[in-house]
Amino acid sequence: MYNFKEIEAKWQAQWAQDEVYKVEENDKEKFYVLDMFPYPSGAGLHVGHPLGYIASDIVARYKKLRGFNVLHPMGFDSFGLPAEQYAIQTGQHPAITTATNIKRYKEQLKRIGFNYDWNREVQTSDPNYYKWTQWIFKQIYNSWYNKDTDKAEPISTLIEKFENNGTYNVEAGIEEDWFKELNLDNFPFGEHFAGEFTATDWASMNAIQREKILSHFRLTYLSDTWVNWCPELGTVLANDEVKDGVSERGGYPVVKKLMRQWSMRISAYAQRLLDDLEGLDWSDSIKEVQRNWIGRSDGAMIRFELENHAENIEVFTTRPDTIFGVSFMTLAPEHPLVETITTSDQKDEVNRYVEAVKNKSERDRQANAKTISGAFTGAYAIHPFSGEKVPIWISEYVLMGYGTGAVMAVPSGDQRDYDFAKHFNLAIPPVFEDVDISESANPTKDARVLEGSFLAGLTGHEAIKKSIEEIEGQGFGNGKVNYRMRDAIFSRQRYWGEPFPVYFENELPRLLSDEELPLTLPSVDKYLPTEDGDPPLGRAHKDDWPIFKGDRMECNTMPGWAGSCWYWLRYMDPSNSEAFCDPEKMKYWGNVDLYLGGAEHGTGHLLYSRFWVKILYDLGFIHVNEPFQKMINQGMIGGVIEYILMRKEKTNGQAHFMCKDLAEKEGLENFVKIAVRTDIVSEYGQANSYLTQEALQQFSKWMPEFEHATFECGQGVLRDGNFESKGGESSWLVTKSEQGKMGKRYHNTVDPVEICDHYGADTLRLYEMFLGPLEQHKPWDTNGITGVHGFLKKLFKACTEATDESAANKKELKAIHTLIKKATEDIDRHSFNTVVSAFMIALNELNAVKSKNKEIFKTFAILISPYAPHIAEEMWKVLGQDGYIVNATWPAFNEEYLTEDSYAYPISFNGKMRFKLELPMGLSKEDIEKEVMAFEKTAQYLDGKDPKKVIVVPNKIVNVVV
RNA sequence: ACCCUGGUGGUGGAAUUGGUAGACACGCAAGACUUAAAAUCUUGUGGCCUUAGGGCCGUGCGGGUUCAAGUCCCGCCCGGGGUACCA
């Protein structure tokens, strides 16, 4: 009798007691397998979470059996928005709710029987951990990017350069116009400063002035930036945290706002992040996501002089070959020159337009993407080659965040410019010969440039090269590679995050010393963010801070991704108080051999981790250049979401269940879709069942926001919990099922512990693998779980009946060796689902030959132990083995047991090639002759070719081995 | 719009490099045991035709390459994901 409850509880207790999964550095070969650690949200784990964890656990156990020293840790990404949101909702300190949530997560994880070494657990919100996040921040702050050596260097090397030669020969990975943001008051150089100064200049500056200059070179810096501001969440968001113009978390509107923020200079690493993707064993799709995000484009920077103004406008273009097709210029409405150049008679119109754009949310801006709008500034630029006047417009289709925030418009070659020109009646000069531009723009590069310029007769491709040469030669521009990826905004106006180890003196940032770390969070009355952008830490008084220095402390906190950038290093040495990790240990464990997690982190965590690792590598703190060598992105497990339709009512909390026909008649836009618990729907209101009084009452009790709502159904009306019967006609509860994500807000989560109670952890593990390919998204359903559970029952039964000590026979050996081969090869290529089938096939075959052989089942136990460790451990004991199966050795398969008995007919053609024809035993003479004839026919085709393996099809199976 | 993915029975999915398509499991059907149910076991199960032996058709659609195509090539259709005025 397979008593999984008893077996699983017993072994889990023993593993814990004997610390079976404790890992230490030794002289064996290492293998590091890592899962993306979870956010400990209040909802607990659902059955989707363990999917990747089970796979990594299988790999970890398998590698251990193969003789590797395996590091397989787990921890919690306990800082960040979700933990704080939960704290705000429940009114408790985030540290307390986080601890509670982590406890629940750990209980759930332990129940599934993972082989984590919990001694190595890390929590990003633990001061002993974020001490080092703050320390790393300090290293990044104290660095600059040297383009000559193409790596980050300590800021001291830059200071040395400034002291010796000023900016001469300094090639830094920063924007060329960095000096424009410098407030030049009191600096030794005049107002025509163009970013270059001498050693003498440097020597004449005071400390504050020097610091102001250095801050423009540091890898993390404060600047006034247009940020994604989310008023609802009360914080700025990084680009990857904004989806479709709303916040990824919560779906709140996001607007652009100019704020003083910390940024990380990831742009300096764009090319290396792009290049090093080559060497990674990641899926093409996730590499592609990163490539697109980095968004390299090759082109040119071109400077246009202005009529009547000293300033000039720089544009970036990928098509300098079309420069003679320029008929106007467009600036982003936020472009700093807009105010300067707008003529007085255009001022009103331009101001009106700029205001209108400013007040639009990101979502509105995206929604109106197709509508053409803009305003003429009244100013003109001078075409660098022809000297013609080019009118300057502003329009929101030009983004301040990309390139220079200004474009040279070539309507004949760019559809957006074309549409703009048509709309405002601007010229559309042709660029290429024989290209039709009467209906739309034509972006071809294959046509030849029209007569009348130095580019005449060249194809677009040739003209790009030639035009850049000419632009550089005449000194009004240069060839340039541009990246779409912006520097990452690093501060959040939040409470629950790492405090910056920074204070301010005279508005200049200063770092705390290493001895003063960790800087822990001060206590505040409220964790709630404010709508105007003042961080909650600003509520703390001077005395509330554990350390208070200078004029004020930095009150922003670091974003959620800070702690997760380097956690994989901390697992190697989790309790080190002298360093973030012992170098010897880093040397042993190297980087992560196999990383499992969702592909949704492609532009966030996975990019930022690579970025930080490269900085730490450049600065010599670590010796690996990439964190995650190989990665598998497990698919999401979805659930069925049941929606009900409710009438939207602006009046206080009113809601109605509506009858379906009516909803359709009134138009669905008047209704809200609300996800509800599946059992509520199935119990009380399938689409075609009546909604009863109890159903309504239960429902309004269950969702507190509808406690005082009004519900209508066929039998009457429920108001404030009082039901008024109206009798007579009936109406339907409108429901709709959709496949979607699994999550608390959809009320469709399934707790893995529930499954463990019902079928056991081993069944859950096996079943989640059996569901299908790991990478694939799939809905959760328990339809097939009985099959897997039944298999384990049968396996256990067969095992308890195995008493035969003698040597295994041929059939048994064939069954088990087929399984060894399949399990080995499939785990190696991470095809976890097919192995489960192989287990079942092997057991079916052993049962068919009524095998009772103990050796065979011992081997079976080892093979299944990565998948179903509890039952394997129990089998091991039942079969009379001592010790833990974890310490067993993975069996090798013997090809000899796998070959079929067969006759072999050697045949040769023209003395060139020889084939061996293998036929199954027991064929009649005629059959064999038939086979040989069919084979000869095929072999004639093959003669002279080079087959590796051939199976002749016409009649029966025939294997050909060259 | 662009870039990734995927499309195979009633269902989830196998088929590793082109080589017996549908492994394994669910579901369904029939049978055994049982007073009955559950559990368990046995058998069958892509479609169409055939009394049978067997035959024909079948991997989203249309073409092609090959002795041989779910797999490779060309052109479409549909689903999922990412990016989105990126100059």
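In the text below, chain A, chain B and the rest are named by the order of the sequence lines, each starting its count at 1.
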Can you check the A:R829 CZ to B:U17 C1' distance for me, whole Å?
12 Å
Glycosidic conformation of B:G81, taking syn as within 90° of 0 and anti otherwise
anti
Going by ring pair (Phe, Tyr, Trp, His ring centres under 6.0 Å), name the residues that satisfy it together with A:Y269, two or more places apart in sequence or in a different chain.
A:Y145, A:F611
Would you measure the distance from the P atom in B:C61 across to the matching atom in B:A52 and give it in whole Å?
30 Å
With P as the reference atom in both, quote the distance from B:U8 to B:A14 in angstrom, rounded to an integer.
11 Å
Just checking, any donor-acceptor pair under 3.5 angstrom between side chains of A:D417 and A:Y397?
yes
Phosphate OP1/OP2 of B:C86: any A:R486 side-chain N/O under 4.0 Å
no
Distance check, P atoms only: B:G70 and B:G22, in whole angstrom units.
12 Å
C1' atom, B:G27 versus B:C78: distance in rounded Å?
27 Å
Distance between the C1' atoms of B:G54 and B:U42, in whole angstroms?
27 Å
Is A:Q776 close enough to B:U5 that one of its side-chain N or O atoms is under 4.0 Å from OP1 or OP2 there?
no
Would you say A:R484 reaches B:A84's phosphate, i.e. side-chain N/O to OP1/OP2 under 4.0 Å?
yes
Assert: residue with more 5' nearest nucleotide on RNA chain B, out of A:S285 and A:D414, is A:S285
Roughly, in whole Å, what's the span from CZ in A:R296 to P in B:C2?
23 Å
Can you name the residues that form a ring pair (Phe, Tyr, Trp, His ring centres under 6.0 Å) with A:F476, not counting sequence neighbours?
A:F385
Look at the aromatic rings of A:W393 and A:F376 and report parallel, tilted or perpendicular, splitting at 30° and 60°.
tilted
When you compare B:U16 with B:A21, how far apart are their P atoms, in angstrom units rounded to a whole number?
14 Å
Let me know the distance between CG of A:L774 and P of B:G12, rounded to the nearest Å.
18 Å
Under 3.5 Å, N/O pairs linking protein and nucleotides 22-30 of chain B:
| from | atom 1 | to | atom 2 | distance (Å) |
| --- | --- | --- | --- | --- |
| B:A23 | N1 | A:S837 | OG | 3.4 |
| B:A25 | OP1 | A:N844 | ND2 | 3.4 |
| B:C26 | O2' | A:N783 | O | 3.1 |

Along RNA chain B (nearest heavy atom to each residue), the more 5'-positioned of A:K793 and A:T317
A:K793
For A:F4, the ring pair (Phe, Tyr, Trp, His ring centres under 6.0 Å) test, sequence neighbours excluded, returns A:Y2, A:H789
Listed nucleotide nearest any side-chain atom of A:E288, set B:C4, B:A87, B:G82:
B:C4
Considering residues at least two apart in sequence or located in another chain, which fulfil the side chain to side chain donor-acceptor pair (under 3.5 Å) criterion with A:N312?
none
B:A15 versus B:C33 - spacing of their P atoms, nearest Å:
41 Å
Ring pair (Phe, Tyr, Trp, His ring centres under 6.0 Å) partners for A:H601, two or more places apart:
none
Please state whether the phosphate of B:C86, meaning OP1 or OP2, lies under 4.0 angstrom from any side-chain nitrogen or oxygen of A:N482.
no
